[in-house]
A.B. asks: 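First the structure, then my questions, so here it is.
The analysis underlying the following values was restricted to heavy atoms, covering all of them including side chains, and did not include hydrogens, waters or symmetry mates. Naming convention: chains lettered A, B, ... in sequence-line order (proteins, then strands); numbering from 1 in each chain.
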2 protein chains.
Amino acid sequence: MQDKITQVFKAIADPTRRDIFHALVIASAALSISQISNQFDITRQGITKHIKTLEEAGLVHIESKGRERFCNVNTNPLKELNKWLKFYEQFWDDSLEDLGNYLDTKNP
Amino acid sequence: MQDKITQVFKAIADPTRRDIFHALVIASAALSISQISNQFDITRQGITKHIKTLEEAGLVHIESKGRERFCNVNTNPLKELNKWLKFYEQFWDDSLEDLGNYLDTKNP
DNA sequence: TTAATACGCAACTAATTGGTTGCTAAATTA
DNA sequence: TAATTTAGCAACCAATTAGTTGCGTATTAA
């Protein structure tokens with residue numbers, strides 16, 4: 001099994017999954033599998049597989065209600081990616097504004 | 001062909017490539033293919049393939065000198081990932097994350 | 001009670017991935 | 001000049017991925 005951060009990176013490395021994830025975030029409500037697949041050109045089963053990947057990365061949490069399964073989004077695992085990126089931020093060659101932001105986070 | 005941000009996400013989604021990338025960053029000098037492969041347990045050809053992926057994502061730039069090929073790292077493409085994450089930052093929930101950490105320590 | 005809906009599971013496929021070995025060519029060193 | 005080092009290329013392989021179709025089952029609606 002891969003480590004957590006790899007799971008999250010791989011989950012969002014796929015453009016379709018990023019789209020599903022985004023759809024869930026802007027919906028600001030739990031969406032059923034069918035509701036999601038209606039928005040995409042791939043089959044419901046294809047969506048289910050993507051959802052499972054997102055779920056395993058902790059980006060989606062599923063709640064069953066009757067015959068439906070509602071997908072709740074959770075953006076928190078993205079914090080790990082942010083933390084990973086943070087280290088390399090110091091090597092970006094950038095404008096003074098961004099350097100300022102960096103120094104602010106270093107010296108709050 | 002995939003779009004740029006997908007290329008960058010996929011490049012760093014692989015743990016070996018993250019390690020190679022990290023090795024290049026902390027080396028703060030260009031490393032040859034052999035110098036890199038000496039640090040890993042996979043073959044030189046394996047490393048070459050990973051380097052190519054990183055190169056196509058813009059995270060590595062190669063400079064030939066004699067029979068050697070030196071890999072220069074470039075962290076700038078990571079800015080795109082940061083920008084992508086930025087949008088979802090507003091949905092992060094600090095208390096839930098703390099609860100998650102708490103549960104992790106309770107159930108390791 | 002029957003029909004429709006929402007979904008999971010399994011099997012299958014084609015393409016991609018991460019890795020290997022074997023070979024060749026160019027550049028450097030002895 | 002001969003041997004060694006650095007590296008690319010091609011072929012191959014096993015595992016994974018992104019997607020499909022077909023079918024069975026539970027839940028809801030008519």
Side-chain angles (χ1 to χ4, degrees), chain A residues 1-24 27 29-73, chain B residues 1-24 27 29-73:
Chain A
M1 175 50 94
Q2 8 184 38
D3 58 17
K4 193 59 195 285
I5 193 167
T6 301
Q7 271 185 306
V8 181
F9 265 131
K10 290 209 165 159
I12 57 156
D14 182 87
T16 303
R17 277 193 296 268
R18 279 202 306 281
D19 288 346
I20 294 173
F21 180 74
H22 190 78
L24 283 170
L31 298 180
S32 71
I33 302 285
S34 291
Q35 283 175 323
I36 296 168
S37 25
N38 285 342
Q39 301 183 36
F40 293 87
D41 280 340
I42 58 181
T43 60
R44 177 180 54 82
Q45 287 83 348
I47 295 289
T48 297
K49 283 198 180 182
H50 282 308
I51 291 288
K52 200 180 168 194
T53 304
L54 289 167
E55 197 188 5
E56 282 164 358
L59 293 163
V60 159
H61 167 247
I62 294 180
E63 217 176 332
S64 290
K65 267 181 194 163
R67 67 184 162 186
E68 288 172 291
R69 278 160 45 87
F70 289 97
C71 303
N72 299 271
V73 78
Chain B
M1 175 49 93
Q2 7 185 37
D3 58 16
K4 192 60 195 285
I5 193 167
T6 301
Q7 272 187 306
V8 180
F9 265 130
K10 292 211 162 158
I12 56 155
D14 182 87
T16 305
R17 278 193 295 269
R18 280 202 305 282
D19 288 346
I20 294 173
F21 180 74
H22 190 78
L24 283 169
L31 298 180
S32 71
I33 301 286
S34 291
Q35 283 176 323
I36 297 169
S37 26
N38 285 342
Q39 302 184 35
F40 293 87
D41 280 340
I42 58 181
T43 59
R44 178 178 52 81
Q45 287 82 349
I47 294 289
T48 298
K49 281 196 181 181
H50 282 308
I51 290 290
K52 200 179 167 192
T53 303
L54 290 167
E55 196 188 5
E56 281 164 359
L59 293 162
V60 159
H61 167 247
I62 294 180
E63 216 177 333
S64 290
K65 263 181 196 163
R67 66 184 164 186
E68 288 172 293
R69 279 160 47 86
F70 289 97
C71 303
N72 300 271
V73 78

A.B. asks: Figure out the CD1/C1' separation between B/I33 and C/dA26, and round it to whole Å.
C.D. replies: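 Whole-Å distance recorded here is 16 Å.
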A.B. asks: Tell me, with the steps shown, if B/T43 and B/S37 meet side-chain contact (heavy atoms from CB on, under 4.5 Å).
C.D. replies: CA-CA 7 Å; B/T43 59; B/S37 26; over 6 Å; no
A.B. asks: Could you tell me the separation between the SG atom of A/C71 and the CD1 atom of A/I51, rounded to the nearest 0.5 Å?
C.D. replies: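 Here the rounded value is 4.0 Å.
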A.B. asks: So which of residues 2-10 of chain A are in contact with DNA chain C, with a heavy-atom cut-off of under 4.0 Å?
C.D. replies: none
A.B. asks: Only one of A/I47, A/I20, A/L31, A/D19 passes side-chain contact (heavy atoms from CB on, under 4.5 Å) with A/Q39; say which it is.
C.D. replies: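 Answer to the side-chain contact (heavy atoms from CB on, under 4.5 Å) test with A/Q39 among A/I47, A/I20, A/L31, A/D19: A/L31.
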A.B. asks: Can you find a heavy atom in the side chain of A/H50 that is under 4.5 Å from one in the side chain of A/I36?
C.D. replies: no
A.B. asks: Could I get a table of every N or O pair under 3.5 Å where one atom is in the protein and the other is in nucleotides 27-30 of chain C?
C.D. replies:
from, atom 1, to, atom 2, distance (Å)
C/dA27, N3, B/R67, NH1, 3.2

A.B. asks: Using heavy-atom distances to pick each residue's nearest nucleotide on DNA chain D, tell me which of A/R17 and B/S32 is more 5'.
C.D. replies: B/S32
A.B. asks: Rounded to the nearest 0.5 Å, how far does CD of A/Q2 lie from CG of B/D14?
C.D. replies: 9.5 Å
A.B. asks: Would you say C/dG18 has OP1 or OP2 under 4.0 Å from some side-chain N or O of B/T16?
C.D. replies: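 Answer is no, no contact under 4.0 Å.
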A.B. asks: Side chains of residues 5-13 of chain B: which donor-acceptor pairs under 3.5 Å do they make with residues two or more places apart or in other chains?
C.D. replies:
from, atom 1, to, atom 2, distance (Å)
B/T6, OG1, A/R18, NH2, 2.7
B/T6, OG1, B/D3, OD1, 2.4

A.B. asks: I'd like to check the ring-ring contact (aromatic ring centres under 6.0 Å, His included) partners of B/H22; sequence neighbours left out, ordered by chain and number.
C.D. replies: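 Residues passing ring-ring contact (aromatic ring centres under 6.0 Å, His included) with B/H22: A/F87, A/Y88.
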A.B. asks: Please report, rounded to the nearest Å, how far the C1' atom of C/dG18 is from the CD atom of B/E56.
C.D. replies: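 Those two atoms, CD and C1', are 15 Å apart.
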A.B. asks: Rounded to the nearest Å, what distance is computed from the CG atom of residue A/D14 to the P atom of nucleotide D/dA18?
C.D. replies: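 It is 5 Å, rounded to the nearest whole Å.
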A.B. asks: Quick check on contacts: within residues 35-55 of chain A, what sits under 4.0 Å from DNA chain C by heavy-atom distance?
C.D. replies: A/R44, A/Q45, A/T48
A.B. asks: Considering all heavy atoms of both residues, which atom of A/F40 and which atom of A/T16 are nearest to each other, and what is their separation?
C.D. replies: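 Nearest pair, atom of A/F40 first, then A/T16: CE2-O, 4.4 Å.
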A.B. asks: Anything under 3.5 Å between a donor and an acceptor, one on a side chain of residues 52-68 of chain A, the other on a protein residue two or more places apart or in another chain? List them.
C.D. replies:
from, atom 1, to, atom 2, distance (Å)
A/T53, OG1, A/K49, O, 3.2
A/E63, OE1, A/N72, ND2, 3.2

